[in-house]
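Please read the structure below before turning to the comments.
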Amino acid sequence: MTVIEVIDKLGEPEKTREVYSGELELLYQNTIFRFIDARLVECTLPDPGPVIIDDIPVINLFEWLSGLDDAVDRARFRVSLNTGIAYDYTDPNAGSITLFQSGHWDGLI
């Protein structure tokens, strides 16, 4: 998606900022959309609780990620490059999920 497509779907963000890496962030309540060259590369949102991934119910995403062969823990994140999911577990009672484009986190792992 592009910046324009996200704004068309969700309306104007509460806040917009450019971060040190050059990414543009659109902030909507507790959700952040990040763009490089106006193209969506990742989205961060609070852990919603149980989710469905590829038609499979997942009760606890943090624990589910640990069962994946490629899962690694780095700098307070549990990351699976294959699924494009990173779980920020800084606060165990209020984790957040980042969904990212393939290749976007490769340099961090």
Side-chain angles (χ1 to χ4, degrees):
M1 293 184 82
T2 67
V3 172
I4 301 297
E5 290 171 327
V6 170
I7 291 173
D8 283 349
K9 289 200 182 291
L10 301 177
E12 288 296 322
E14 294 173 14
K15 188 174 183 180
T16 301
R17 65 182 175 207
E18 188 171 329
V19 294
Y20 69 93
S21 64
E23 293 176 340
L24 174 67
E25 293 185 337
L26 302 182
L27 289 78
Y28 293 89
Q29 295 180 11
N30 295 327
T31 303
I32 303 169
F33 296 89
R34 293 183 187 86
F35 301 83
I36 294 177
D37 298 327
R39 193 187 77 234
L40 182 66
V41 292
E42 69 178 51
C43 175
T44 299
L45 60 148
D47 182 352
V51 294
I52 296 177
I53 299 175
D54 295 329
D55 296 325
I56 299 169
V58 175
I59 302 297
N60 182 312
L61 187 60
F62 181 72
E63 294 302 322
W64 179 81
L65 284 169
S66 20
L68 300 179
D69 292 338
D70 74 320
V72 295
D73 286 3
R74 294 281 190 284
R76 81 177 195 275
F77 286 92
R78 180 161 293 163
V79 182
S80 166
L81 295 177
N82 291 338
T83 62
I85 300 173
Y87 192 99
D88 180 343
Y89 56 86
T90 303
D91 178 354
N93 297 315
S96 66
I97 300 164
T98 297
L99 307 172
F100 55 90
Q101 177 184 13
S102 178
H104 188 61
W105 279 52
D106 290 6
L108 303 173
I109 302 302

Show the atom names and distances, to 0.1 Å, of all donor-acceptor pairs under 3.5 Å that link a side chain in residues 95-102 to residues at least two apart or in another chain.
unit_1: Thr98; atom_1: OG1; unit_2: Thr44; atom_2: OG1; d: 2.8
unit_1: Gln101; atom_1: OE1; unit_2: Arg39; atom_2: NH2; d: 3.0

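- Every side chain to side chain contact (heavy atoms under 4.5 Å, CB included) that Leu27 has, sequence neighbours left out, goes to Lys15, Arg17, Glu25, Ile32.
- Pairs engaging residues 96-109 under the salt bridge (Lys or Arg N to Asp or Glu O under 4.0 Å) rule: none recorded [sequence neighbours left out].
- In this structure, Lys9 and Met1 have side chains that are in contact, with non-hydrogen atoms separated by less than 4.5 Å.
- No more than 12 heavy-atom neighbours from other residues, nucleotides or ligands sit within 6.0 angstrom of CD on Gln29.
- Qualifying salt bridge (charged side-chain N to carboxylate O under 4.0 Å, His left out) partners for Asp73, counting only residues two or more places apart in sequence or in other chains: Arg78.
- With rounding to the nearest 0.5 Å, the separation of CG in Asp37 from CG in Leu24 is 10.5 Å.
- Hydrophobic clustering of Ile, Leu, Val, Met, Phe, Trp and Tyr side chains at less than 4.5 Å, counting indirect connections, keeps Val41 apart from Ile85.
- Applying the ring-ring contact (aromatic ring centres under 6.0 Å, His included) test to residues at least two apart or on different chains, the pairs with a partner in residues 32-54 are Tyr28-Phe33.
- Separating the CZ atom in Phe77 from the OH atom in Tyr87 is a distance of 11.5 Å, to the nearest 0.5 Å.
- Taking NE2 of His104 as the start and CD of Glu42 as the end, the distance is 4.0 Å to the nearest 0.5 Å.
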Under 3.5 Å, side-chain donor or acceptor atoms of residues 51-65 against the rest of the protein: list the pairs with distances, not counting sequence neighbours.
unit_1: Asn60; atom_1: OD1; unit_2: Phe62; atom_2: N; d: 3.1
unit_1: Asn60; atom_1: OD1; unit_2: Glu63; atom_2: N; d: 2.9

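- Within a 6.0 Å radius of CG in Asp8, other residues, nucleotides and ligands contribute more than 12 heavy atoms.
- Two residues are said to be in side-chain contact when any heavy atoms from C-beta on lie closer than 4.5 Å; Leu68 and Asn82 fail this criterion.
- Of all non-hydrogen atoms in Ala71 and Ser66, the two that sit nearest each other are CB-CA, 4.4 Å.
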